[in-house]
Amino acid sequence: MQLIQVIMEYNFREIDRKWQSFWKEHRIYNVDIDPHRPKYYVLDMFPYPSGAGLHVGHPLGYIASDIYSRFKRLQGFNVLHPMGYDAYGLPAEQYAIQTGQHPAITTEKNIARYREQMDKIGFSYDWNREVRTCEPNYYKWTQWAFIQMFNYYYDLRTQKAQPIEILVHAFETNGTQGVEAVCSEEMSFTAKEWNNKSVAEQRDILMNYRIAYKADTMVNWCPALGTVLANDEVSEGVSIRGGHPVEQRHMSQWSLRVSAYAQRLLDGLTTLAWSDSLKETQKNWIGRSEGAEMQFSIANMDEKMTIFTTRPDTIFGVTFMVLAPESEWVTKLTTAKQQSDVTAYLDATKKKTERERIADKRVSGVFSGAFAVNPANGENIPIWISDYVLAGYGTGAIMAVPAHDARDYAFAKNFNLPIIPVIEGCDVSNESFDAKEGILTNSGFLNGLTVKEAIAKAKEYIKTKQLGRVKVNFRLRDAIFSRQRYWGEPFPIYYKDEQPYPLDESKLPLMLPEVDSYLPTEHGEPPLGRAINWHTEDGFPLELNTMPGFAGSSAYYLRYMDPHNDTALVSKEADEYWRNVDLYIGGTEHATGHLIYSRFWNKFLFDLGLVCEDEPFQKLINQGMIQGRSNFVYRIKDSNTFVSINLKDAYETTPIHVDVNIVHNDILDIEAFKKWNPEYKTAEFILEERKYICGWAVEKMSKSMYNVVNPDDIVEKYGADTLRLYEMFLGPLEQSKPWDTNGIDGVHRFLKKLWNLFWKEDQIAVSEETPTLEEWKALHKLLKKVKYDIENFSFNTSVSAFMICVNELTTLKCNKRAILEPLLITLNPFAPHISEELWHQLEHHSSICDATWVEADEKYLQEDIVTYAISFNGKVRYQLSLPADMPTDKVEATVLDSDQAQKWLEGKTPKKVIVVPKKIVNIVI
RNA sequence: GCCCGAAUGGUGGAAUCGGUAGACACGCAGGACUUAAAAUCCUGUGGCCAUUGCGGCUGUGUGGGUUCAAGUCCCACUUCGGGUACCA
């Protein structure tokens, strides 16, 4: 019989399991409002539970936020750290269409898988607060918020959302006189006119003001997906999900008046602790531009055409006008003679998709036949039509200044239109002069002014001559809010006499109905058109569209504060305690979508007095993307023989992707390779030093590249703590980097080393002795470093600090409780399982999560003797140890006196000596 | 095109305020233990030269500049990554 020797090894599998169930059983991570403790709210962007499960890139941000949460908890904060699922979405629905499986079922299954994977990593989430956007008790509040938006308009004078009744009252008493409200279309009527209108007419007018409104708009229609998409869901003319072509189409759709909040969304950025690049991205997306709206008379017509320009100073350089093909002016202005040409051009433009329009760099356009009058000099200028002018921005019409705008220049050259430079000394013979600097010329009353001065003067001129007005334009558009899909929140809207009405709040949630198929109906209605009894109790039909993906993710952070509340999205008490997210971690891909919509949604609720903070996410960290690191084997042409990378140049080879899970440190597991694919069962190998070494490349992590690494496999092989530490050790959190398992052994070795500090043979062996100065120093150096690093999200350097400390303690053979206990507490946020196990081995009976963070004590860090680097003319020559408190003049004298210095001085007198206390001495000869 | 970010050994990366570049880890080389392997431990490891001593030169994408001192600041450029785009 074999003698079983009991060696207390670091048995991570057992330790992980033991403590994960302990935490669950003792509800270690559940939190409640506690007025006696300061709150801290740490949030991860909740995932969409896809069928593929989590790969090793997903937990990166979750681990970082978990470290931060645990750190804050140890510091005495009451930490809210929740998790949930963004459960509505296209992939589940596409899968449902293919398989007939209800999306709720696949979503449920995927969530279970995600949960299982997350549980294995040991996160400190309060699962009691989990939210799922597809659950009625959650989407009730998404629907509720939509009703509020329907019932509010944006008042410019108070700069906030106001109940629509206030607007109605204003119309009843004064008409549009004195009303300053954000609207789709400027309106003008008297109180009498308003009061004489029918209910339907009045409701149509109000729709023009509502924050959630339905309007006939130009939308991004994606035929392949059978739905419209928001601007942030489209890139370069194709859908972000799936890459299907997107075209422009006129449709009646629900929209959110996000643009009303453009200025506040821009201003709010300055108060946020976000990265500069992310703020810049949002700033560009909001796209504020200051300029002027100017009216141009049309020759032989009474009406005036309005354009928007940021360069009113170049008015004397205007030689023609351009209309967007979709502009309503096109039909008004086209002359009989030009009619056929214009029609042909419009047809050609309509046929092109957005993508083709962008891709096509050729200049195209057509003359309308009409002329406008330049208000500055009274000259007649032709009006053209071209698709380089966008209908949706400004007024859909521009004044063209070919000398100073590259696009106008290209157009003028192509159609042989005059080019008049209005900046002194610029050369426009080959290209336009776009710079916003120089002195004006050929410009009447603007001559001699700088561009900046001229812009101001031109604006003044426009105002006094009543040619137009100073105007700020934003690029930010309203968000299209309807989707012609099944798997989303139903709108709490019904139709009576063709007019949309919100449901009474008592009818919420309006449950998503069952349908027999997830495809549109035969009449082209959305899938909800198939639902039976899809109408109100009174028989009024319900809205057939559903809400988009960003609906449910816009206010989820609020719901976590009070997830079970049945009477409010969040109670006043919970909101006033948790307030907003202190730290938000997630990917940059949400910069122009979710992070704009959430801020908008929050500001709206803030206007309603429902939330007490104007901005939802105080600090935001973007974790980098984890890319895949693929491995290759090299097959010799026309054979089943594979050659190791450094020998491959002697043969003609084809690289073949090989599963990274059967490669370790770029060395192929040959037996596993033969089993991996039957084709390779009889494969032969040309090895170098008895090994097959694979090639590698950084690529996107995907199944087809065989480079997907699953966190479960890493946890199974090394334990959760190794995975956590290694993901952090990989590099700076915010940097994108390839996943590569090559260094993981080093991190695992560190944990074993740490474990060994506590054990002697098979016994836990911790001494109660007082530590030496060196031991104290090793610890306190760590305490200081780790705190600094966590606060700066530099987790990779804290892992190396732990390694240094454990290496030092191992050398010192330190097993003293006074050192090891604080070490465990410091390590706990990073490696919760091993620290909990050892904590209990030290005879503690409560969780280490409730320990108190140990602060570094400077007294252990002070040095009596410091090493100076002695340099001559900036070159370090040797080191010299001197007392730390030696005054600089004394340091200088001592250094110059030494024999070594004399050698380097070679008898010369130093010109200058610089002493940097405790660091360096530089002697200039 | 415009905006933002990055570039450091064979590899991932460190250098927090302009003050000893390469911490920590991987890999590699040599050694100890072992019949052997794994595991573990020790030593070395930017490059070049000298290694019979100390050592010397050089080095953070390229070129220039500021400074006693530059990976770090300034100017110009190259390459890569990200965002965005007929936005007037």
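We name chains A, B, ... by the order of the sequence lines, and we start the count at 1 in each one. Predicted model only: the values in this text are computed from it and were never measured.
Rounded to whole Å, the separation between the P atoms of B:G71 and B:U8 comes to 15 Å. With both ends at atom C1', the span from B:A14 to B:U72 equals 14 Å, rounded to whole Å. Comparing the C1' positions of B:G9 and B:A25 gives a spacing of 14 Å, expressed to the nearest Å. Comparing B:C74 with B:C4, their P atoms sit 13 Å apart, to the nearest whole Å. Between B:A29 and B:A38, the two P atoms lie 12 Å apart (nearest whole Å). With P as the reference atom, B:U11 and B:G61 are 14 Å apart, rounded to whole Å.
The aromatic rings of A:H590 and A:H594 stand perpendicular to each other, their planes meeting at an angle above 60°, with 30° marking the opposite boundary. Taking the six-membered ring where tryptophan is involved, the planes of A:F793 and A:F795 are perpendicular, since the angle between them exceeds 60° and thus also 30°.
OP1 and OP2 of B:A85 both lie 4.0 Å or more from every side-chain N or O belonging to A:N284.
Below the 3.5 angstrom threshold, one finds a donor paired with an acceptor across the side chain of A:K785 and the base of B:U16. For a distance-only test at 3.5 Å, the side chain of A:R477 qualifies as a donor-acceptor partner of the base of B:C87. The base of B:C68 lies close enough to the side chain of A:N922 for a donor and an acceptor atom to sit less than 3.5 Å apart.
Side-chain contact, A:T588 with A:N622: no donor N or O sits under 3.5 Å from an acceptor N or O.
Across all strands shown, B:A7 is found opposite B:U78 as a Watson-Crick or G-U wobble partner, with both distances under 3.5 Å. Base pairing analysis places B:G44 opposite B:C28; the two distances defining the Watson-Crick or G-U wobble pair are each below 3.5 Å.
A cation-pi arrangement is absent between A:R599 and A:W285 under the rule of less than 6.0 angstrom and at most 45 degrees off the ring axis.
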